Amino acid sequence: MNQQQFKPKITCFYCINAFDGEPEASLSVDGSADIHFIKMACSSMTKDIFLLKAFESGADGVIVVTCPPQACRYVKGALRAQKRIDWVKNILDDVGLNGNRLFLDNMPFSGSEDQGQRLQDIVKKIKGIGPTPIGE
Amino acid sequence: MIVAEQKSIAEIKAAIASYDKILILGCGTCVKTCFAGGEDEVAVLASSLRLAAKVDGGSVQIEECTVERQCENEFIQEAAPCVAQNQAILSLACGAGVQALARRFPKIPVVPGVNTTFIGVLESPGIFTEECSGCGNCRLAVFGGVCPVTRCAKKLLNGPCGGSQHGKCEVNPDTDCAWHLIIERLKAIGQLHNLRTYIPANNWQSSQSGGPRKLIREDHII
């Protein structure tokens, strides 16, 4: 399968405050990826086991979308999410899965168009890494 | 609490390589508090090992269980049905827990998943510091509640060395000088006169230097 044909499966955990409305409705991901969106009350509630389970379920990439760190409603939620993502990236490297499959995006409150583009950019990066060796 | 740190995935993988079915057994007391071996860490390690096995093209069957304390038979007993279904136990308890399991299940291999490091306290979220060496002869009353046996790099018992600078230890400038803390604390509680108490050379027989220790409470032995 070449990079053009590869349609990555992606799990996207997102803070309830990060997107303008529901991300499925407001973002055009042009069908180049199969994204499963999971709404969280705060990005910091995305525990490490949730991230690993997503990879165990066959995700080619996982994205955690947070609010801008300085605008987090729970003050340090985005910072906690960042620290957890760094921790889990190390675990993924240790198990040979490549920590670069896990992304954190501090989504700016700037309208769905920008938000869609940011997501597209991450999808491209995941496509560049290629399919997960895990399978379903 | 007893503070421990999880071993690397590579070391754990190598230690369990010969087993197809393994039980990861957590401990819900000390090692849970220091994020090394509680229920959450059991789940994360199980997931990590399953991922690692798949990346390597193999598979491993992992069962997860956590008991309140692995150093007591009554609690270990709860894990017996899980143990019976597996070839080995990967214990995330301290060394005492690992040995208690080995004693309780004499025919099942027990592999340690953490390195037991010290008796300490949670200084601030995410930071654990060593505070007690278990020397068996506690004199914290004289030292104002700060232990020089553990917290002074030179284990000095009668005042600071010449290397204490601005309240920090010369051995490691990131470490507070225990004797600086002792003097400040004695000042605060009005017991600076304790410094005049001569502490003779330590008798280490009550520490681990005297061999493995045993505590017997006759009133609890039936």
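Just so it is clear: chains get the letters A, B, ... in the order the sequence lines come, proteins before strands, and each one is counted from 1. No hydrogens, no waters, no symmetry mates; every other heavy atom, side chains included, goes into these values. Everything quoted here is computed from the prediction, not taken from an experiment.
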What closest approach, in Å, do B:Ser47 and A:Glu56 show between heavy atoms, and which atom pair accounts for it? OG-OE2, 2.7 Å
If you take all heavy atoms of B:Val55 and A:Gly96, which pair is closest and at what distance? CG1-O, 3.5 Å
Flag if over 12 foreign heavy atoms under 6.0 Å of [atom1], [X]:
{"X": "B:Met1", "atom1": "CE", "result": "yes"}
{"X": "B:Lys7", "atom1": "NZ", "result": "yes"}
{"X": "B:Arg213", "atom1": "CZ", "result": "yes"}
{"X": "B:Lys168", "atom1": "NZ", "result": "yes"}
{"X": "B:Gln208", "atom1": "CD", "result": "no"}
{"X": "B:Arg139", "atom1": "CZ", "result": "yes"}

Side chain, backbone, both or neither of B:Asp40 within contact of chain A (heavy atoms, under 4.5 Å): side chain
B:Ala10 versus chain A, heavy atoms under 4.5 Å apart: side chain, backbone, both or neither? neither
At a 4.5 Å cut-off on heavy atoms, which part of A:Ile91 comes close to chain B: side chain, backbone, both, or neither? side chain
Which one of A:Ile134, A:Val95, A:Leu97 satisfies the side-chain contact (heavy atoms from CB on, under 4.5 Å) criterion with B:Lys54? A:Ile134
To the nearest 0.5 Å, what is the distance between CG (A:Asp93) and CD1 (B:Ile9)? 11.5 Å
Can you check whether A:Asp94 reaches B:Ser48 side chain to side chain, under 4.5 Å on heavy atoms? no
